Amino acid sequence: TTGNTSVDGTSIGVDSGNDFQMWNWENGYIRFGTSATERLRIDSNGDLLIGTTSSIVGKLQISDGTIRDVSGYFANSTAYQGTTTNHPIAFLTNNTTRLTIDSSGNVGIGTTSPQRLLHISGGASDAQVIQFTSNTTGNTSVDGTSIGVDSGNDFQMWNWENGYIRFGTSATERLRI
């Protein structure tokens with residue numbers, strides 16, 4: 001039922017520009033497999049599926065089927081990356097986990113087990129400090145405002161600029177330093 005023209009069935013070859021090509025001219029998919037098991041599929045929508053045979057979320061879906069399902073896709077100029085099961089996402093540099101988003105949405109920087117919505121942790125001798133700067137304050141370690149725990153485990157809050165620190169409740173200033 002595929003017909004017998006040059007745009008029916010499948011073709012494998014080299015085009016006039018010496019580029020390798022593989023075509024499924026029909027409304028179907030292309031499968032790749034090893035050991036009698038499908039490993040990769042390009043479906044008729046152009047979605048690339050690895051370790052799964054059905055597209056759930058978008059153009060690229062990778063699944064190992066047992067530990068976790070990870071997917072990434074773009075929709076309406078927004079990039080989506082995440083898990084579709086109850087597993088965390090980890091971001092690594094230099095083969096070390098630097099940031100973790102757990103299955104409840106808690107974010108850990110320097111910890112893989114965040115205990116709060118935002119949990120920042122460092123080594124025993126490191127300072128855990130959040131720094132806020134702007135275009136007018138500069139962006140060195142002595143610009144803007146910082147808050148955190150210093151290397152001696154003392155809480156610190158600094159305004160590195162020539163200004164004051166204000167505290168307020170119910171939209172009213174209560175204390176100014």
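None of the values given here were measured: they were computed from a predicted structure.
Checked against side chain to side chain contact (heavy atoms under 4.5 Å, CB included), Ser134 has the following partners two or more places apart in sequence or in another chain: Thr136, Thr137. Applying the salt bridge (charged side-chain N to carboxylate O under 4.0 Å, His left out) rule to Arg176 yields the partners Glu173; only residues at least two apart in sequence or on another chain are considered. With sequence neighbours left out, the side chain to side chain donor-acceptor pair (under 3.5 Å) criterion links Asp15 to no other residue. Remark: Arg98 pairs with no residue by the salt bridge (charged side-chain N to carboxylate O under 4.0 Å, His left out) rule, at least two apart or across chains. Listed by chain and number, the residues in a side chain to side chain contact (heavy atoms under 4.5 Å, CB included) with Phe32 are Met22, Ile30, Leu40, Ile42 (sequence neighbours excluded). Thr97 is linked by a side chain to side chain donor-acceptor pair (under 3.5 Å) to nothing, counting only residues two or more places apart in sequence or in another chain. Taking the side chain to side chain donor-acceptor pair (under 3.5 Å) definition, one finds that Thr140 meets it with Asp143, sequence neighbours left out.
Residue Trp158 is not grouped with residue Phe132 when hydrophobic side chains (ILVMFWY) are merged at heavy-atom distances under 4.5 angstrom, including chains of intermediate members. Connection of Ile120 to Val149 is not established within any shared hydrophobic cluster, with ILVMFWY side chains joined at heavy-atom distances below 4.5 Å, either directly or through further cluster members. A continuous path of Ile, Leu, Val, Met, Phe, Trp and Tyr side chains, each step under 4.5 Å between heavy atoms, connects Leu175 with Ile147, placing both in one hydrophobic cluster.
Judged as a side chain to side chain donor-acceptor pair (under 3.5 Å), the pairs with a partner in residues 104-119 (not counting sequence neighbours) are, in order, Asp102-Ser104. The side chain to side chain donor-acceptor pair (under 3.5 Å) pairs that include a residue from residues 160-172 are Ser146-Trp160, Thr169-Arg174, where partners are two or more places apart or lie in different chains. For residues 134-156, no residue pair satisfies the ring-ring contact (aromatic ring centres under 6.0 Å, His included) rule, not counting sequence neighbours.
Inter-residue side-chain proximity for Leu118 and Ile109 is flagged as met; some heavy-atom pair is nearer than 4.5 Å.
Pairing each heavy atom of Thr100 with each of Pro88, the nearest pair is CG2-CB, 4.1 Å.
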| query | Should Ser103 and Asn86 be marked as a side chain to side chain donor-acceptor pair (under 3.5 Å) after you check the CA-CA gap, both sets of side-chain angles, and the distance that decides it? | reply | CA-CA 6 Å; Ser103 61; Asn86 189 18; 2.8 Å; yes
